[in-house]
Amino acid sequence: MKQHIENLVQQAIKQLQAMGELSEIPAYVQVEAAKDKQHGDFASNIALILAKSAQKKPREVAERILQVLPASPKLQKVEIAGPGFINFFLVPNAMSDVVNQILSQKEQFGRCKIGREKRVLVEFLSSNPTGPLHVGHGRHAAYGTVVCNLLDEVGFKTFREYYVNDAGRQMDILAASVWLRYLALCGENIEFPANAYRGEYVIDIAKTIHDLHQDHFRVSAKQVFADLPPDEPQGGDKEIYIDAVIERARKLLGDKYQIIFDLSLENIMVDIRNDMKEFGVHYDNWFSERQLVATDVVDRMLLKLKESGHVYERDGALWFSSTSFGDVKDRVLVRANGIRTYFTNDISYHLDKFERGNDLAITIMGSDHHGYTARIKAAIEALGINPERLLHMLVQFVTLYRGGVQAQMSTRGGNFVTLRELRNEVGNDVARYFYVMRKSEQHMDFDLDLAKAQSNENPVYYIQYAYARICSVFKQLAERQLQFDEANGLKHLDLLTEPQERELLNTLSRYPEMIINAALHYEPHQLTHYLRDLAADFHAYYNSHQFIVEDVGLRDARMALVMAVRQVLLNGFNLLGISAPESM
RNA sequence: GCGCCCGUAGCUCAGUUGGAUAGAGUGUUGGUUUCCGAAACCAAAGGCCAGAGGUUCGAAUCCUCUCGGGCGCGCCA
């Protein structure tokens, strides 16, 4: 409908241009749903925009547009208001056709092809596999999934990937932590390093290993700690100390070190995969940094970068002059000790993404890493790839609130730490919905009391209740031995003239454009807001009119409308990944 | 110190390339059920869009500055 009116206006101004009354016309005509019912159903500010170049008063321009505006059976009246807005009033059931569309297109309603099957690799979450996922990660998982769903819905081909950072120092710290816990289980007297991973899960992994291999990896505590530098509590440096512990573990364990390392990694990854599976988050690929490093892609990348002329040596290290591409300082690729940085591997990973034939690569990451985007884009550009093909979406932190006060989030504190605990407490649907109902770059307060409220306060139940209510109406119809005749309903859509029905038709017809907007801006919250609106329109309708009435034509028409509402709710739920309960 | 993000109702937040009287939820107050599910609906109250300048027909939105909050600025990942 919006499109229809835009076309009419477009035709009108083209004609005026042909008549020499307008010099330049804008690339597109802006028509939007009027906020105030007194302003009709749609409004356009086109006359205000054209006024300057036409050197006329806005209202005069509007007059001229109206005079040449093509007639349409959908329009009841068109008028000029305020400083020069053109308000369009539709005939009472101009929108009713949308019911027809929804009921015939079903789950296809809202899909389109503007993505033109472009391939988009979306990397999200990608946390270090050094522990279970916590509540902050949940937001990444939910946001990433829904963004992908939206992109697929408008015709892109997404590929969902988790980059497993299994190659860095953090992993060695984990392996060492597990080993020390394991030694304690063997009966050794272990002083746990200040900088080691202290979570319960480390002990669990150690137990698993001990159950499996008994004392196979046992070394006396005396050997482990002999001649190590002092740890932080003893006045030393915890970083230096933990590195020394790792070195010692490698030396004492030899080949067995890798077994501990792999078992630790495997345990964490199994946990993360299960967590994601339970949360309904699907990945097409789990991309291992270690496997990446094992290929020649890093070497090839470095060669290409050198050929680009933006690489130099200084202080024994190899540098990339990212400042040539707008970064604030140059970055090290290969350290003086010969070891490549995380950055180097990551550039290679990104090169690989594009070599795999993706048109676009989206990285969803924590906003605390925003300083990282400039250098990686710089590297991509240096490699001859258009940096606009790489997009970074930032996700802000999550703060939990319980009883109005901030819940403890530290690893030590007993309250929520993990995503799994949150899901168990509030349920997957609520967690999913809450995570995406705020703009991603907005810092989020997660109110646990609200999330757990099985009542009117909870926005998830509000929209699910609308769905269940509609299902209930159809059950009621059957109980009264009545049939719903869809064809008959569609034939009588012109009977839907109540204000609540108009409102509902209006909201339903907004759905496709809302999906496009949400997808193209990577904003799932637009969908949650829309569903809230739709549910509210339905509840208002429900409370003011009976659907199951004597008049068969009216009854079928109303049932058709309500069925269309149910379909759109379902489509939205599917995109969000929440359930559609037929009763609650 | 430099850079990025943010500041909208008591609270949590929308506000789509600048548009008409800035909107929801929640909370507060009052009302609605012989009727398909009251997890609902209706109504009232609640605002100097952090502050000050500027751009123009028109600013929550764009520019500059100030204040206040978050996050970055490793040969870590």
Subject >> Base-pairing assignment for B:A77 (Watson-Crick or G-U wobble, both under 3.5 Å) >> reply: none

Subject >> Sugar-phosphate, base or nothing in reach of A:N87, heavy atoms under 4.0 Å >> reply: base

Original post:
Taking the P atom of each, how far is B:G27 from B:A39, in whole Å?
Top reply: 15 Å

Original post:
For A:D445, which contact category applies under a 4.0 Å heavy-atom criterion: base, sugar-phosphate, or nothing?
Top reply: sugar-phosphate

Original post:
According to the Watson-Crick and G-U wobble definitions, with both distances under 3.5 Å, which nucleotide is paired to B:G3?
Top reply: B:C71

Original post:
With both distances under 3.5 angstrom, what nucleotide forms a Watson-Crick or G-U wobble pair with B:G53?
Top reply: B:C63

**OP:** Determine the contact category for A:F343: base if any of its heavy atoms lies under 4.0 Å from a base atom, sugar-phosphate if only primed atoms, P, OP1 or OP2 are that close, otherwise nothing.
**Re:** nothing

**OP:** In whole angstrom, give me the gap between the C1' atoms of B:G53 and B:G70.
**Re:** 27 Å

Original post:
If we take the C1' atom in both B:A52 and B:A60, what is their distance in whole Å?
Top reply: 16 Å

Subject >> Distance flag, aromatic centroids of A:Y435 and A:Y143, threshold under 6.0 Å >> reply: no

Original post:
If you measure from the C1' atom in B:G68 to the same atom in B:C49, how many Å do you get, rounded?
Top reply: 16 Å

Original post:
Any luck finding a side-chain donor-acceptor pair between A:Y197 and A:Q170 under 3.5 Å?
Top reply: yes

Original post:
Is the shortest side-chain N/O distance from A:K238 to OP1 or OP2 of B:C76 below 4.0 Å?
Top reply: no

Original post:
If you find the nucleotide of RNA chain B closest to A:H443 and the one closest to A:N337, which residue's nucleotide is nearer the 5' end?
Top reply: A:H443

Original post:
At under 4.0 Å between heavy atoms, what does A:S472 touch on the DNA or RNA strands: base, sugar-phosphate, or nothing?
Top reply: base

Original post:
Would you say a side-chain N or O of A:K439 is under 4.0 Å from OP1 or OP2 of B:G15?
Top reply: yes

Original post:
Can you tell which of B:A40, B:C36, B:A77 lies closest to the side chain of A:H539?
Top reply: B:A40

Subject >> Flag if over 12 foreign heavy atoms under 6.0 Å of CD, A:Q291 >> reply: no

Original post:
Parallel, tilted or perpendicular: which describes the rings of A:H525 and A:H529, with under 30° parallel and over 60° perpendicular?
Top reply: perpendicular

**OP:** Using atom types as modelled and distance alone, determine if a side-chain donor or acceptor of A:R139 lies under 3.5 Å from a backbone N or O of A:Q396.
**Re:** yes

Original post:
Do the side-chain N or O atoms of A:R469 get closer than 4.0 angstrom to the phosphate oxygens (OP1, OP2) of B:A38?
Top reply: yes

Subject >> 5′-ward residue of the pair A:L477/A:E441 relative to RNA chain B >> reply: A:E441

Subject >> Nearest listed nucleotide, side chain of A:F397, among B:C76, B:C36, B:C71 >> reply: B:C71

Subject >> Distance below 4.0 Å between A:R532 side-chain N/O and B:A14 OP1 or OP2 >> reply: no

Original post:
Is there a side-chain polar atom (N or O) of A:Y462 under 4.0 Å from OP1 or OP2 of B:C41?
Top reply: yes

Subject >> Nearest-nucleotide pick for A:N517, side chain only, options being B:C36, B:U16, B:G37 >> reply: B:U16

Original post:
If you check the A:H525 side chain, which of B:A14, B:C71, B:C36 turns out closest?
Top reply: B:A14

**OP:** Identify whether any heavy atom of A:A317 sits under 4.0 Å from a base atom; if not, whether one sits that close to sugar-phosphate; answer base, sugar-phosphate or nothing.
**Re:** base

Original post:
Nearest to the side chain of A:Y542 - B:C75, B:G37, B:A14?
Top reply: B:G37

Original post:
Using atom C1' of each nucleotide, how far apart are B:U26 and B:U64 to the nearest Å?
Top reply: 37 Å

**OP:** Taking A:R555 for its side chain and A:V549 for its backbone only, find out whether a donor-acceptor pair lies under 3.5 Å.
**Re:** yes

Original post:
If you look at every strand shown and take non-hydrogen atoms under 4.0 Å, does A:S583 touch a base, only sugar-phosphate, or nothing?
Top reply: base

**OP:** Please determine if a side-chain N or O atom of A:Q442 lies less than 4.0 Å away from the OP1 or OP2 oxygen of B:C13.
**Re:** no

Original post:
Given the side-chain rings of A:Y372 and A:H392, with only the six-membered ring counted for Trp, is the space between their centroids under 6.0 Å?
Top reply: no

Subject >> G-U wobble or Watson-Crick pairing nucleotide for B:C13 (cut-off 3.5 Å, both distances) >> reply: B:G23

Original post:
Of the nucleotides B:C75, B:C36, B:A77, which one has an atom closest to the side chain of A:F547?
Top reply: B:C36

Original post:
Is a donor on one side and an acceptor on the other found under 3.5 Å between the side chain of A:R198 and the backbone of A:P193?
Top reply: yes

Subject >> Same-atom distance (C1') from B:A20 to B:U61, integer angstrom >> reply: 16 Å

Subject >> Identity of whatever pairs with B:G18 - Watson-Crick or G-U, under 3.5 angstrom >> reply: none

**OP:** Scan every strand shown for a Watson-Crick or G-U wobble partner of B:A43, both distances under 3.5 Å, and answer none if you come up empty.
**Re:** B:U29

Subject >> Residue A:I548, side-chain heavy atoms: nucleotide from B:C71, B:A77, B:C36 that is nearest >> reply: B:C36

Subject >> Shortest side-chain distance from A:F85, nucleotide among B:C4, B:A20, B:A77 >> reply: B:A20

Subject >> Phosphate-side-chain proximity, A:Q500 and B:C41, N/O vs OP1/OP2 below 4.0 Å >> reply: no

Subject >> Interatomic distance at P, B:A24 relative to B:C41, whole Å >> reply: 13 Å

**OP:** Choose from B:G19, B:C75, B:A14 the nucleotide whose nearest atom is closest to any side-chain atom of A:H529.
**Re:** B:A14

Original post:
Nearest to the side chain of A:A81, which nucleotide is it out of B:C76, B:A20, B:C41?
Top reply: B:A20

